[in-house]
Amino acid sequence: MTRYNPKEIEPKWQRIWDETNVYTANLQSDKPKYIAMSMFNYPSGAGIHIGHAMNYTISDVKARFKRQQGYESYHPVGWDAFGLPAENYAIKAGVSPQESMATIIPGYHRQYKAMGWSNDWEKEIATHVPEYYKWTQWIFSQMYRNGLAYQDARMQWWCDKCQTVLANEQVIDGKCWRHDGPDDPMVEKKEVKQWFFKITEYADELLEAVEGLDWTESVKLAQKNWIGKKSGIEISYEIDNANQKCNVICFTTRPDTNFGATFIVLSPEHSLAEHLANGELAANEGSDTDAIKEYIRQATAKSEVERQQEGRKKTGVFTGLYAVNQLNQKRLPIYIADFVLAGFGTGAVVGVPGHDLRDFEFAQVFDLPIERVVIGKDGDTSAITKAEQVQEESGKMINSEFLNDLDIHDATKEIMNHLEAEGWGKKVVTYRMRDWSVSRQRYWGAPIPIVNCEKCGQVLVPDEGLPVLLPELEDFKPSGDGRSALARAKDWLAVDCPECGGKAERETDTLDTYICSSWYMYRYFDPHNQEKIFDSEIVKKWEPIDFYNGADHATAHLLYARFIARFFNKIGLISEPEPFKQFLFNGKVTAKDGTMFSKSKGNGVDPLEVIESGYGADALRTYLMFAAPLEMWARWDPQGVPGTYRFLNRLWNIIYAYTETEKGASTQEVEASLLAATHKMVKKVTRDIEENRYNTAIAAIMECLNELYKLKAKSFNKSETWQQALERIVASVAPFAPHIADELWLRLGHSSSVHRDTWPKWDEKYLVSDTVNIVVQVNGKVRANISVPTDADQSAVEAAAEADPKVQEYTQQKEVHKTIYIPQKLINFVVG
RNA sequence: GGGCGAGUGGCGGAAUUGGUAUACGCGACGGACUUAAAAUCCGUUGCCUGAAUAAGGCUUGAGGGUUCGAGUCCCUCCUCGCCCACCA
């Protein structure tokens, strides 16, 4: 008998699959379509790790399952090749990113094939090739033409020594992360022009459509939170002691607490703060302009990371100004403080220290009055409780005055209506989400198809001019002036204006790689189209993506992809506004101790090593899918793969034993058991894969195999029943362990692959047996187990149960008050 | 601080609408085969009392409640994980 040797059969089948194109999807097929995919790979040079093995096996199992069920199943493959890590890797390796991709990607091909993933290689895509990024640029052009792309100057951190912009995270204690010595300068804020996509215009529809998605709940929630829609009101407060007539507008979601307002706080970036600092605006009694100036200088010099640290002691400066609260005619002193963020609401808040912890802390520092006005029916927020506690400790009076008996929600609405009716406020809706910044000052990305003409200004590159090719450079490090390396590519930079033909210069920013990855799923359906982004007819046949999974990008990528899909839908390219019908946010794989695998710790597990050590891809795949539910984080257990290897080995052995046994017939009892065991298994596996419960699907196959071994001991021979039982189990294991499945399928006498149109069906009639097991309880405790005919009625079951000696032990001399009978399951005597 | 999720054997984890808790796998132990080991195969394996494969009791983070019956439903609390966070 030949032994199970994955090292031999796996490469063999991988070769056969390649040669026979089993996994090539016919996009024109009349079969029902199915597309399952995982978020595509970012080729970094390190090769695939165990997390990739997990992700891609999940969608591969799904795609294989559907292919076996008779669907035209498509499992695409592609590379998210642009971006900073690839650029940095190339810089380190001393080659161009183009060259490094040309060597890295073929390496990934070998690894993907070694994992046995059923990718359609004919339709492979990569985002860094001109054939692809031409259309990434085209999307930018379409956004521009539809008024959804615009350029705007925003304040950015700037390090004079580096001559480059810094991200917030790179600013430490007001200094550059690379230049934080005592003699180094503080970083400055500098205005930098950036391109944006108006995703905020789609905020409402993106939010509303979340509810209807068949997505992992936590991701749906993250999407909602990210969009962060809030209804509130902007209340206008007139300033009554300024040298000019003016007012301040504050945003609040809780105007019902406004009776307790005791002050107003402006962010240091607020326009009134600016006017106070330059002396244009002052209180009639005089404002301390120097103090205001100094405070603003200090506040704006702090990094946002630093400013937004919770629990930091509140600071601020009084402006000398007072505003009037029209609800109760109280005068509110106005302060400037850095805990108020410029980017949210109006950049000014009304201080209600009785109902807001931050306001309370501020009031403590400046000794401002604290008033409580609303007590909700179901208590109030912890902020108030804490405020109260501190007040009691400090012995201050609480002015507790009930607004009314309404709950907070109703009170809020009523006050909003009142304020709006009086003309003191305006109801507004705010979003946490901002427009999508799509320009990057780096080399390795798709150039933005814009030309800056001396005469015409900003001009879009006409579609005939696409793609704007990314020039190959010797040196692709940033240019140091805040622009990408492209600023040094003089030949490339100089261009004739598409409108007037005059002297012009290309845009040197490149597009954010999130754009590349926000539309790739559609390119999979028409990867080599030179004329169009894709053929809408094919896409309309294949959209939406039936199954999508990944362990990252719960917000940004998925939100951007939804935005782009909605945009495509509006311009008539596709007919479904949502790109992903089902999304599974799967867990990651961690080290045995629960910590993340990391290169620095050197605790990584290389899937290729596991395969080559002799266990093979099938055992690895099966283990990964078996270890835990897909949405849970799994811990890597070195003993796990040997376990699934043993299981596959047992499957191998029973089939080899079968093909070497004599022809014959089994007993009726064994035949019935074979049918029952395999049909039951097929039913469970079919449902479990359908519902993404791969771990229990595999357990069911293992259980079935154990059962077959028991039956084998009773009666084993070449017969129709055994043949079918073994075919069923091989077909069921095929999505998880495709190589051994094809090998054993062949061994069972088939000439074509197990991977197409072989999924077994189950028949309920084999699942019902003549007798059924009934649990007998006395007062809820299990006392016996009886076997009764399946069609026995209650009185028959009761009689059989009462006849059981064990049951009698507990019921004799006692009165049965009640009998609970659950057909086919349980009978419970309540005695007393 | 807010939101979400999870606590079940030595370990990863099962458990349809409330109905035999611990499926399946790992590990451990015993046995077969072998000169020996590995591999493979067979058996045992929640905990406690017990000589026991007799019998009984206990058990799903803690405590209460509803019910004939609770891992599952309700209340209170504890622990851990993830995401968001000075967002007014």
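Order of the sequence lines fixes the chain letters, A, B, ..., with proteins taken first and strands second; residue numbering starts at 1 for each chain.
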Asks: Considering only B:A88, B:A23, B:A21, which nucleotide approaches the side chain of A:Thr252 most closely?
Replies: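 Of all the options, the side chain of A:Thr252 is nearest to B:A88.
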Asks: Any idea if B:G9 is syn or anti, going by the 90°-from-0 cut?
Replies: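 That one's syn.
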Asks: For the pair made of NZ in A:Lys712 and C1' in B:C42, what is the distance, rounded to whole Å?
Replies: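 Value for this atom pair: 12 Å.
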Asks: Can you tell me the distance, in whole Å, between the CZ atom of A:Arg650 and the C1' atom of B:U40?
Replies: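 One finds 11 Å between C1' of B:U40 and CZ of A:Arg650, rounded.
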Asks: For A:Tyr694, which contact category applies under a 4.0 Å heavy-atom criterion: base, sugar-phosphate, or nothing?
Replies: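 Touches nothing.
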Asks: When all nucleic acid strands are considered with a 4.0 Å heavy-atom cut-off, which category describes A:Ala627: base, sugar-phosphate, or nothing?
Replies: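 Contact class for A:Ala627: sugar-phosphate only.
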Asks: May I ask you to check whether over 12 heavy atoms, not counting those of A:Lys427, lie within 6.0 Å of atom NZ?
Replies: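 Enclosed: over 12 neighbouring heavy atoms sit under 6.0 Å from NZ of A:Lys427.
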Asks: Between A:Gln777 and A:Gln639, which has a closest nucleotide on RNA chain B that is more 5'?
Replies: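 On the 5' side of the pair lies A:Gln777.
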Asks: Quick one: the side chain of A:Asn649 and the base of B:U40, do they pair up donor-acceptor inside 3.5 Å?
Replies: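 Check fails, no donor-acceptor contact within cut-off.
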Asks: Between A:Phe626 and A:Phe647, does the ring centroid distance fall short of 6.0 Å?
Replies: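 They do not qualify: ring centres at least 6.0 Å apart.
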Asks: With nearest nucleotides of RNA chain B determined for A:Asn773 and A:Arg358 from heavy-atom distances, which residue corresponds to the more 5′ nucleotide?
Replies: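 The residue closer to the strand's 5' end, by nearest nucleotide, is A:Asn773.
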Asks: Output the rounded distance in Å from CG (A:Asn706) to C1' (B:A23).
Replies: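 Answer to the nearest Å: 11 Å.
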Asks: Categorize A:Val830 for me: base, sugar-phosphate, or nothing, with a 4.0 angstrom heavy-atom threshold over every strand shown.
Replies: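 Sugar-phosphate, no base atom in range.
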Asks: Would you please say whether a donor-acceptor pair under 3.5 Å links the side chains of A:Asn549 and A:Asn55?
Replies: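 Judged by distance alone, the side chains do not pair up.
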Asks: Measure CD/A:Glu690 against C1'/B:U16 and give the value in whole Å, please.
Replies: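 One finds 17 Å between C1' of B:U16 and CD of A:Glu690, rounded.
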Asks: Rounded to whole angstroms, how far apart are CZ on A:Phe736 and C1' on B:G25?
Replies: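 Rounded to whole Å, this separation is 14 Å.
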Asks: Taking the six-membered ring for Trp and the full ring for Phe, Tyr or His, determine whether the centres of A:Tyr645 and A:Tyr4 are under 6.0 Å apart.
Replies: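 Here the rings of A:Tyr4 and A:Tyr645 have centres that are less than 6.0 Å from each other.
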Asks: By the 4.0 Å heavy-atom rule, please label A:Glu217 as base, sugar-phosphate, or nothing.
Replies: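 Nothing, no nucleic acid heavy atom in range.
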Asks: Under 4.0 angstrom, heavy atoms only, what part of the nucleic acid is A:Pro629 near: base, sugar-phosphate, or nothing?
Replies: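 The residue A:Pro629 makes sugar-phosphate contact but no base contact.
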Asks: Given atom OH of A:Tyr821 and atom C1' of B:C68, what is their separation to the nearest angstrom?
Replies: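 In whole Å, B:C68 C1' lies 16 Å from A:Tyr821 OH.
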Asks: Taking B:G12 as the reference, what is the distance to B:G46 when you measure between their C1' atoms (whole Å, please)?
Replies: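 Between the two C1' atoms, the distance is 16 Å.
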Asks: Expressed in whole Å, how much space separates the P atoms belonging to B:C11 and B:C47?
Replies: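 My reading of the P atoms in B:C11 and B:C47 gives 11 Å.
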Asks: Pick base, sugar-phosphate or nothing for A:Lys588, based on heavy-atom distances below 4.0 Å to the nucleic acid.
Replies: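 It contacts nothing in the nucleic acid.
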Asks: Atom CG of A:Asp359 to atom P of B:C86: distance rounded to whole Å?
Replies: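 About 15 Å, once rounded to whole Å.
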Asks: Side chain of A:Leu221, heavy atoms from C-beta onward: which of B:C4, B:G13, B:C24 has the nearest atom to it?
Replies: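 Comparing B:C4, B:G13, B:C24 against the side chain of A:Leu221, the answer is B:C4.
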Asks: Rounding to an integer number of angstrom, what distance separates B:U67 and B:G50 when you compare their C1' atoms?
Replies: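 Taking atom C1' in both B:U67 and B:G50, they lie 35 Å apart.
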Asks: Looking across every strand, which nucleic acid part, if any, lies under 4.0 Å from A:Arg783 by heavy atom: base, sugar-phosphate, or nothing?
Replies: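 Sugar-phosphate only.
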Asks: Rounding to the closest angstrom, what is the interatomic distance between B:U59 and B:G71 at atom C1'?
Replies: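 B:U59 and B:G71 have their C1' atoms separated by 11 Å.
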Asks: Measuring only between side-chain heavy atoms, which start at C-beta, is A:Ile334 closer than 4.5 Å to A:Tyr237?
Replies: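 Side-chain contact under 4.5 Å: no.
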Asks: So, under a plain 3.5 Å distance rule, would you say the side chain of A:Lys314 forms a donor-acceptor pair with the base of B:C86?
Replies: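 When only heavy-atom distances are counted, A:Lys314 does reach the base of B:C86 through a donor-acceptor pair under 3.5 Å.
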